[in-house]
Each structure stands twice: as structure tokens, then as C-alpha cells.
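In what follows, a single structure is set out as C-alpha cells and then discussed.
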Amino acid sequence: MNIQIYNTLTRKKEPFIPQVEGEVSMYVCGPTVYNYIHIGNARPVIVFDTVRKYLEFRGYDVKFVSNFTDVDDKIIAAANELGEDTSELTERFINAYFEDVSALGCSEADVHPRVTNHIDDIIEFIEVLIDKGFAYESHGDVYYRTTKFDGYGKLSKQSTDELIVGARIEKGEKKDDPLDFVLWKAAKENEVSWKSPWGEGRPGWHIECSAMARVHLGDTIDIHGGGQDLTFPHHENEIAQSEAMTGKPFAKYWMHNGYINIDNEKMSKSLNNFVLVNEIRKQVDPRVLRFFMLSVHYRHPINFSEELVGNAANGLERITTAYNNVKHRLENSADLGDQKDIWMNKIDECKNDFTVAMDDDFNTANGIAAIFELVRLANVYLLEKNTETSVLAYFKTTFDALMNVLGLPFNDAEDLLDTDIEELIEERLEARRNRDFGRADEIRDELVAKGILLEDTAQGTRWRRG
RNA sequence: GGCGGCAUAGCCAAGCGGUAAGGCACGGGUCUGCAACACCCUUACCACCGGUUCGAUUCCGGUUGCCGCCUCCA
């Protein structure tokens, strides 16, 4: 069975067939680095990181490219305000970006190209567009002539007529047509700029992705991703640029993730309700944040609120507890089971359910449901008096495999208790042996106050942090 | 005006032709010295009105209500 991907270009799910068997090229539009990223920015990063991890899980060799827009109006404005060099500013926020997304379990891309490192590629790209008649120079700017490109509007399903009619599109004096968009901007006073055949200036926003995607992934890429709001105009313009340039399809599959709302309202600067990853991850376990985001299908909107994140935390806790209990049993019980195959098969069923879910346009909500099936199964197995090491080990391996795909690895590092706490646990065991339950409960309460929860099992007392 | 999305239990959320997955919360029971973890059980006229069909939450048309894009935006 093939992986199915919902393609914005065709508005339906299609079987995923990469250009080269076994290999996938992916490009995801990255952030403009003039501030810390907010959770809305984080969603596509998490979504496409998960897509990538799943493709790898399915055996594909993925080449993943995600850019940084490190020159643009907002960056220049922010740098001016802070009296800082644009390159210092962007460097700072690129570092912050990596810290934020790695906390959220996202792997680095194979390449993180920056606009400022690709000025030459961009200029060359624009020159070809001019040569082919798709672009024109005007007062030091260069514009793309949208009317020249037949397929303009094919991604967002906008007709050029409607775009013009409906529009709040301004007629720049420099543009021949209101729908034309800028490829190269002439520099204003004191702006960072580069030399070009059209004078000092810098790239427009859309051209960078076309140029960098081509340099790093070739003329046609398999999967191009980004937020829903990029569909128009950004991705539409990328298609216009790239396909005019190469005469080939720019991307086979276009994927777009939905928005995040805050308490049912759109996140926006004017409402001042945006949540920075940098801050929220200090208050909420970043694993919970990621789990929360993956609990909804990537194309649907997701509402962010304290309550919902709290629910997600409880759900993830259930998974983690089951995993840890499997581990505890693995380390503290003899190999006594005798029904190995039945359980192995049941585990395989869960794994299969997970794969079926994820094959269907990366349905992480159903994938997580499959993991909860595995949780229930593991908990039921732990009820058995006699367990087999191989089964327990298979539970653990499967948990690891599936959660790793979702970018939610379990923390397997040895977690040691302070010796005084260990002594208290030992003292409580002694008290229980002597049926001094008063003292035993007293110690348990004392430990709860220190964040240590105890659970008595047939295989001994286990503890966890709570 | 154009393009598009969404409406499923107290909350969140899958399903998209054969009478509703999963999670959180709640209630009842079991396990436990008591707990905790856990297990079992219980909980839905799928926004409304038409149509197609043997059969629709699922397809088509319409209504209502939310929301997004068309301007920088994840």
C-alpha cells in the first residue's frame, strides 16, 4: 500500500510516488528571522519534521531542505530599531530557532540555506526570467509579469480576473500590472544591499525559495510544504518563477498545514495573543507541546489553550507510564511466560494500525490512537502473573519505534535518586514488612512532597517523578 | 465579490456509503493494608432542511453558524 498525500495542487489525496524510487526531496518554507518563533511558526516545523521522520521510517532516503529568510523589510526594521547589524540580528534568531525547534524534537534539515548566501543564484535566476520575457526591470526593481505565465493561479485556484477585481492589490507606479510581484528591490538609503545588473538592491521574498530549492534539490522537488497562508501568494509565485525558468513542474506534492488559534481567536500581533515557543517551553514540557500538536490532523486548525494542553499532558503521561512500567517489569521479573506468539502478533497489529494511519496523509491523530492501543495492550499484559522477556522487550522496542517517528522519544537516561530518598524508600519497605502502615504512609506523603510517587507492585516498589 | 475550510458526546478528536476509533474529564466496579498505576463497565437522535441510495455522519443541493486566504504572515 502506498502512502497517500493530500495535494493542494489537485485538492485530493494521491498515492505518493517520488521521482526516484526510494528517495524523497522535500522543501519547507522556513522563518523570517527577526524575532523568536511563536507556536504558529512551530506547527509547520513539527508537522514536516514528522512527515520526514515517517518517510524515513518507511525506508525512504529523504533530503530535507528548509530555508531562513535572513533579509527583508521586517528584519531591516527590527535591526534599525535595535541599532544592530542585520546579520547580527539574524544570527541571534537563527540560533534561537534551533534551540526552540530542537527542544520540540525537530531534527535539523540536511540543508538550511540562507538568502544572503545565495544572492548570486538569485540574480542568475532573475536574469533568466528577464531573458525569457517573464520579468522586467523598472526603476531599479525587477518584477515578474504574471500575465505571461499561463498557469498563474493554479495552486490557489484563483483566476487572475478575480484577483484583480476583488482586490486590495495596490497598483505600484513601477509595476505594469497590479498582479506583478517584485523579484528584486532597489536599495533605499542605508539598507543592506548587493550589487546587481539592476543596481544595488536585494531579493524579493518569493524568488529566494525558487532559487534555493533549485540549487539544493533540482528543478522538480517531490514535496513542498508550508503553512496554509503561504498558498497565496508565496507558493503561487514560486511556481510561476520556477516553472517559467525550467519549463518543468516545480513540486509534485504541495502540502499545507492549518493554523493555530489561541483561545479560539486567531493569533496575531494586534491581539497580542501570540505565544513564543521560547517562553511556553519553559512552562510546559516541550514533548507535551509536540504531542498536543500531533493530536490533530495537520490540515485542520488547532486551538491552543491551557486546558487543552493540560489534557494532552495527561494523555502523554499515560503513554509514558505504560512505557516505564514495561521497563520496570523487564528489569524486575523472571522469564516465565508461555504465550509469546499471541502477544507478539497483537503488538504487530498495533504497529500495523499505526502505519495504516500514517500512510493515510500522515494521520497522526489515528497514529496516536494506535499507540494508545499499544498502551492498553501493554497494561493488560502487565496484569499477567508470568511475563516473557522477549514480549516485554518487543513492547519496549515498538513503543520506542513509534514514538520516535512522532519525534517524542522517551527519556531513557538513567534517572537516579538521591541517597536520602533511597533510604526513605527502604525505610518504608521495612515499615510495610512490619505492617507499620502509619509510618509507611507518612514516608510516602513525605516523598510526594518531594515530587516522588511510589507504586507498590508484585515486582517490588517502583517510583516515578510527578 | 472570488477561493477555501469547519460544524461528531462535558471537552478534544478520528471516521467520509453499511447504524460511530482514541484521549481527557465524570460515574460505577475490580485490584491494593490504604494508595498509586492499571483493568472492566457505563455515556452520541454525527448543525438544520431536502435529494440520490436497499441503506448517509459519510455523496449531491440548499440553509444557518463559525473561521481562513485574496496585503507581511506558519
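These numbers come from the heavy atoms of this one structure, side chains and all, not from hydrogens, waters or symmetry mates. The chains referred to below are lettered A, B, ... by the order of the sequence lines, with proteins before strands, and numbering in each begins at 1.
- No option in A:Asp72, A:Asp141, A:Asp73 other than A:Asp73 meets the salt bridge (Lys or Arg N to Asp or Glu O under 4.0 Å) test with A:Arg202.
- Considering only side-chain atoms of A:Arg464, the nucleotide from B:rC37, B:rC39, B:rA21 that sits closest is B:rC37.
- Judged by distance alone, with hydrogens and angles left aside, A:Arg432 brings a side-chain donor or acceptor within reach of the base of B:rG33, the pair sitting under 3.5 Å.
- As rounded to the nearest Å, B:rA25 and B:rC66 have P atoms that lie 32 Å from one another.
- B:rU64 and B:rA74 have their C1' atoms separated by 31 Å, with the value rounded to a whole Å.
- Taking only side-chain atoms of A:Asn257, from C-beta outward, the nucleotide of B:rA74, B:rC39, B:rG33 with the closest atom is B:rA74.
- For the pair A:Arg43 and A:Tyr259, the NZ or CZ position fails the cation-pi test of under 6.0 Å to the six-membered ring centre and within 45 degrees of the ring normal.
- A salt bridge is defined here as a Lys NZ or Arg NE, NH1 or NH2 lying under 4.0 Å from an Asp or Glu carboxylate O, and A:Lys450 with A:Asp418 fails to meet this definition.
- Nearest nucleotide to the A:Arg376 side chain, out of B:rC40, B:rA74, B:rA38: B:rC40.
- For the pair A:Thr32 and A:His300, nearest-nucleotide mapping onto RNA chain B gives the more 5' position to A:His300.
- Closest to the side chain of A:Pro44, from the set B:rA13, B:rA74, B:rG33, is B:rA74.
- Aromatic ring pairs are classed by plane angle as parallel below 30°, tilted from 30° to 60° and perpendicular above 60°; the pair A:Phe354 and A:Phe57 is perpendicular.
- When the P atom is compared between B:rA7 and B:rU58, the two are found 12 Å apart, to the nearest whole Å.
- For A:Leu383, taking side-chain heavy atoms from C-beta onward, the closest of the listed nucleotides B:rC37, B:rA14, B:rC39 is B:rC39.
- With P as the reference atom, B:rA36 and B:rC26 are 12 Å apart, rounded to whole Å.
- With rounding to whole Å, A:Leu308 atom CG is found 16 Å from B:rG10 atom P.
- Residue-level contact check: A:Gly258 touches the bases, meaning some heavy atom is under 4.0 Å from a base atom.
- The gap from the P atom of B:rC3 to that of B:rG22 amounts to 40 Å, rounded to the nearest Å.
- Residue side chain A:Arg444 reaches the base of B:rA35 through a donor-acceptor N/O pair under 3.5 Å, judged by distance alone.
- Applying the 3.5 Å distance criterion, the base of B:rG33 shares a donor-acceptor pair with the side chain of A:Asp441.
- For A:Asn325, taking side-chain heavy atoms from C-beta onward, the closest of the listed nucleotides B:rC37, B:rC69, B:rA14 is B:rC37.
- Nearest nucleotide to the A:Val296 side chain, out of B:rA74, B:rA13, B:rG23: B:rA13.
- Taking the six-membered ring for Trp and the full ring otherwise, the centers of A:Phe98 and A:His112 sit less than 6.0 Å from each other.
- Nucleotide B:rC3 forms a pair with B:rG68, judged by Watson-Crick or G-U wobble geometry with both contacts under 3.5 Å.
- Rounded to whole Å, the C1' atom of B:rU57 lies 14 Å from the corresponding atom of B:rC48.
- A stacked arrangement is not assigned to A:Phe372 and the six-membered base ring of B:rG22, the conditions of a centre distance below 5.5 Å and an interplanar angle below 30° not being jointly met.
- Of the candidate nucleotides B:rC34, B:rC72, B:rG4, B:rC34 has the atom nearest to the side chain of A:Arg428.
- Checked against B:rA14, B:rA74, B:rC37, the side chain of A:Met267 finds its nearest nucleotide in B:rA74.
- Residues A:Tyr298 and A:Cys29 each lie close to RNA chain B; by heavy-atom proximity, the contact nearer the 5' end of the strand is made by A:Tyr298.
- A donor N or O paired with an acceptor N or O is not found under 3.5 Å between the base of B:rC31 and the side-chain atoms of A:Asp456.
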